[in-house]
Amino acid sequence: MVGYDYLSARARGLLGRLLPAARVRALCALDGVEALLAELSVTPGYAADVAAVAGIAPPLEACAQALERHRVRTARVLWAAAGGEARELIGILLSRHDLEAVKMILRRWHAREAGVWHAPAPGLLDGQTLRALDAAGSVLALADLLALTGPAGAALARALRAAPAARLADLEDRLDVAWAADALARCGCGPNGRLVREVLGWEIDTRNLLAALRGGSEHLVVLPGGRYLHDDLLQAIAAEGDRAAAAAWLAPTPYAGVLDGGAPVPWRRIERALERRVLALHRRMLFASDPLGIAPVSFFLAAKQAEVRNLRTVAAGLAAGVPPSLMEEELVDA
């Protein structure tokens, strides 16, 4: 375990290694995903992750896996060195990755998929554990294994045991709620604990808002722990299904403007607008908080996530032959 002064300095040093915006934009002009993989293979920090997916096809899948490995591995580097609330924050974000892996396993079973499974990059769970979970064969057996993996896994296990025969969508909702409630309980007290709760609240706000915008208030599951968007507002957005009204309701919150005044825009555009706004909240917290506290760690993790998503956008655009100018419009600058 190390102090916040060292961890903060480490995070600030890693911020200096993020890919410059100009470099990411230049990648939009490459000739295909193979060329992007070649560029990343000689980029410090990414080389080992590209090498780890050698042989995976098609190139777009290999690139996606390399980028996800990189994002999670970078977070684990800080998590291994962290203590106190900083370790909890990174652990909460990594446990979210494990939650998605568990949901992926349930979807595989539901679709009766067979064959080799390329397990996602481990969060708090290692690759061997993920493969064991995939081989469990039933919801209750999966829950029994999850219960042995630690507090976050135990919370997911309780959700599965409560309704093992539920529909897939209901199981996923139960897992989401269990993850959020467990994460909220682990935020801690004191100034840094409050910052962890704040960061968690932004992530939950984003998930809840996207779910509400898809409409259908009778099916809306609101995760606990949101920071600015309360249940009544989210239920109203879901029930109305009116983008302009939703934009007005968001006006008093930090998410004002993400719906462009209610104009119809693609989901991808809304998700990126929310990501930009949350990154701005991280940046504001970075400059308003103790420079040797948890904020630099939080900002780096958010900036690294934005970088990886940018690279995934570039990869998808190259695979589809999207003009570089259109790809650049989707990028988020850290």
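Computed from a prediction, not measured in an experiment: that's the story for all the values here.
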Peer 1: Should Leu195 and Ser298 count as side-chain neighbours, where that means a heavy-atom distance under 4.5 Å?
Peer 2: no
Peer 1: Can Asn208 and Asp231 be said to form a side chain to side chain contact (heavy atoms under 4.5 Å, CB included), step by step?
Peer 2: CA-CA 9 Å; Asn208 284 341; Asp231 288 17; over 6 Å; no
Peer 1: Does one hydrophobic cluster hold both Val42 and Leu30, with members joined at side-chain heavy-atom distances below 4.5 Å?
Peer 2: no
Peer 1: Rounded to the nearest 0.5 Å, how far does CE of Met285 lie from CZ of Phe299?
Peer 2: 10.0 Å
Peer 1: Provide the closest heavy-atom pair for Val332 versus Ala306 in the form atom of the first, atom of the second, distance.
Peer 2: CG1-CB, 4.4 Å
Peer 1: Has the side chain of Arg71 got a donor or acceptor atom that lies under 3.5 Å from a matching backbone atom of Val308?
Peer 2: no
Peer 1: Measuring from atom CZ of Arg197 to atom CZ of Arg227, what distance do you get when rounded to the nearest 0.5 angstrom?
Peer 2: 10.5 Å
Peer 1: Tell me, yes or no, whether the heavy-atom count around Arg207 atom CZ, taken from other residues, nucleotides or ligands under 6.0 Å, exceeds 12.
Peer 2: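 For Arg207, atom CZ is crowded (more than 12 foreign heavy atoms under 6.0 Å).
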Peer 1: Identify whether Val222 and Leu213 are in the same connected component of the hydrophobic contact network (ILVMFWY, side-chain heavy atoms under 4.5 Å).
Peer 2: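 Val222 and Leu213: one cluster.
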Peer 1: Using modelled atom types and a 3.5 Å cut-off, is there a donor and acceptor pairing between side-chain atoms of Asp173 and backbone atoms of Val221?
Peer 2: no
Peer 1: Just do the side chain to side chain contact (heavy atoms under 4.5 Å, CB included) check on Glu203 and Leu93 with the steps written out, would you?
Peer 2: CA-CA 10 Å; Glu203 178 167 344; Leu93 298 177; 3.3 Å; yes
Peer 1: Any side-chain heavy atom of Trp202 within less than 4.5 Å of one from Tyr255?
Peer 2: yes
Peer 1: CG of Leu27 to CG of Leu318: how many Å apart, nearest 0.5 Å?
Peer 2: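 The CG atom of Leu318 is 8.0 Å from CG of Leu27, to the nearest 0.5 Å.
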Peer 1: Measure across Ala303 and Leu15 and return the closest heavy-atom pair with its distance rounded to 0.1 Å.
Peer 2: CB-CD2, 4.3 Å
Peer 1: Starting at CD of Glu271, measure out to CG of Leu210 and round the result to the nearest 0.5 Å.
Peer 2: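 Between atom CD of Glu271 and atom CG of Leu210 there are 5.5 Å.
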Peer 1: Examine Ile56 and Val33 and state if one hydrophobic cluster contains both, with Ile, Leu, Val, Met, Phe, Trp and Tyr joined whenever side-chain heavy atoms are less than 4.5 Å apart.
Peer 2: no
Peer 1: Is the shortest side-chain heavy-atom distance between Leu160 and Arg174 below 4.5 Å?
Peer 2: no
Peer 1: Shared ILVMFWY cluster between Val24 and Leu14, side chains joined below 4.5 angstrom?
Peer 2: no
Peer 1: Membership question, hydrophobic clusters at under 4.5 Å side-chain separation (ILVMFWY): are Leu146 and Leu168 in the same one?
Peer 2: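 Both belong to a single hydrophobic cluster.
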Peer 1: Any carboxylate oxygen within less than 4.0 angstrom of a Lys/Arg side-chain nitrogen, looking at Arg272 and Glu329?
Peer 2: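 Salt bridge absent between Arg272 and Glu329.
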Peer 1: Do Arg23 and Thr43 have a side chain donor and acceptor closer than 3.5 Å?
Peer 2: yes
Peer 1: With rounding to the nearest 0.5 angstrom, report the CG to CG distance, Leu156 to Leu142.
Peer 2: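 If we round to the nearest 0.5 Å, Leu156:CG and Leu142:CG are 9.0 Å apart.
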Peer 1: Begin from the C-alpha positions of Val77 and Arg10 and carry the test side chain to side chain contact (heavy atoms under 4.5 Å, CB included) through to its verdict.
Peer 2: CA-CA 10 Å; Val77 167; Arg10 183 79 180 271; 3.3 Å; yes
Peer 1: Take Val199 and Ile92 through the side chain to side chain contact (heavy atoms under 4.5 Å, CB included) test and state the conclusion after the steps.
Peer 2: CA-CA 10 Å; Val199 171; Ile92 286 169; over 6 Å; no
Peer 1: Can a donor-acceptor pair be found, under 3.5 Å and without considering hydrogens, that links the side chain of Glu34 to the backbone of Pro59?
Peer 2: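 Here the side-chain-to-backbone pair does not exist.
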Peer 1: Using every non-hydrogen atom in the two residues, find where Met327 and Gly317 come nearest and quote the distance to one decimal.
Peer 2: SD-CA, 3.6 Å
Peer 1: Check residues 176-190 and write down every donor-acceptor pair under 3.5 Å in which the side-chain atom is one partner and the other belongs to a residue at least two apart or another chain.
Peer 2:
unit_1	atom_1	unit_2	atom_2	d
Asp176	OD1	Lys103	NZ	3.0
Asp176	OD2	Lys103	NZ	3.4
Trp179	NE1	Ser95	OG	2.9
Asp182	OD2	Arg186	NE	2.9
Asp182	OD2	Arg186	NH2	3.1
Arg186	NH1	Glu88	OE1	3.1

Peer 1: Determine the minimum heavy-atom distance between Pro164 and Leu171, stating which atoms define it.
Peer 2: O-CD1, 4.5 Å
Peer 1: Is Cys63 close to Leu67 at the side-chain level, that is, under 4.5 Å between some pair of heavy atoms?
Peer 2: yes
Peer 1: Decide yes or no for Leu301 and Leu78: does some side-chain heavy atom of the first lie under 4.5 Å from some side-chain heavy atom of the second?
Peer 2: yes
Peer 1: Among side-chain atoms of Asn310 and Arg25, is any donor-acceptor pair under 3.5 angstrom?
Peer 2: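 The answer is no; no qualifying pair exists.
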Peer 1: Would you say the side-chain atoms of Asp205 pair up with the backbone N or O of Gly226, donor to acceptor, closer than 3.5 Å?
Peer 2: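 Answer holds: no.
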Peer 1: Give a yes or no answer on whether the side chain of Trp109 reaches the backbone of Asp134 with a donor-acceptor pair at less than 3.5 Å.
Peer 2: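 Yes, because the side chain of Trp109 sits within donor-acceptor range (under 3.5 Å) of the backbone of Asp134.
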Peer 1: So do Arg269 and Glu330 actually touch side chain to side chain, heavy atoms under 4.5 Å?
Peer 2: yes
Peer 1: Do Glu39 and Tyr46 have side chains that approach each other closer than 4.5 Å (heavy atoms only, starting at C-beta)?
Peer 2: no
Peer 1: First locate atom CG of Leu200, then atom CD1 of Ile204, and finally report the distance between them rounded to the nearest 0.5 Å.
Peer 2: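 Between atom CG of Leu200 and atom CD1 of Ile204 there are 4.0 Å.
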Peer 1: Please list all pairs passing the side chain to side chain donor-acceptor pair (under 3.5 Å) test where one or both residues lie in residues 143-168, with sequence neighbours left out.
Peer 2: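 Output for this query lists Asp144-Arg161, Arg167-Asp170.
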Peer 1: Are any side-chain N or O atoms of Thr313 and backbone N or O atoms of Arg309, one a donor and one an acceptor, separated by less than 3.5 Å?
Peer 2: yes
Peer 1: Is there a side-chain contact between Leu311 and Leu40, using heavy atoms and a 4.5 Å cut-off?
Peer 2: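 Sidechains of Leu40 and Leu311: in contact.
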Peer 1: Donor-acceptor pair, distance only, cut-off 3.5 Å: does the side chain of Thr74 make one with the backbone of His70?
Peer 2: yes
Peer 1: Applying salt bridge (charged side-chain N to carboxylate O under 4.0 Å, His left out) to Arg194 and Glu198, what does each step give before you reach the verdict?
Peer 2: CA-CA 6 Å; Arg194 287 195 295 271; Glu198 182 89 2; over 6 Å; no
Peer 1: Which heavy atom in Arg76 sits nearest to a heavy atom in Leu124, and how many Å separate them?
Peer 2: NH1-CA, 3.8 Å
Peer 1: Taking all atoms of both residues into account, what is the closest heavy-atom pair of Glu307 and Leu19, and its distance?
Peer 2: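 Answer, listing the atom of Glu307 first, then Leu19: OE1-N, 2.6 Å.
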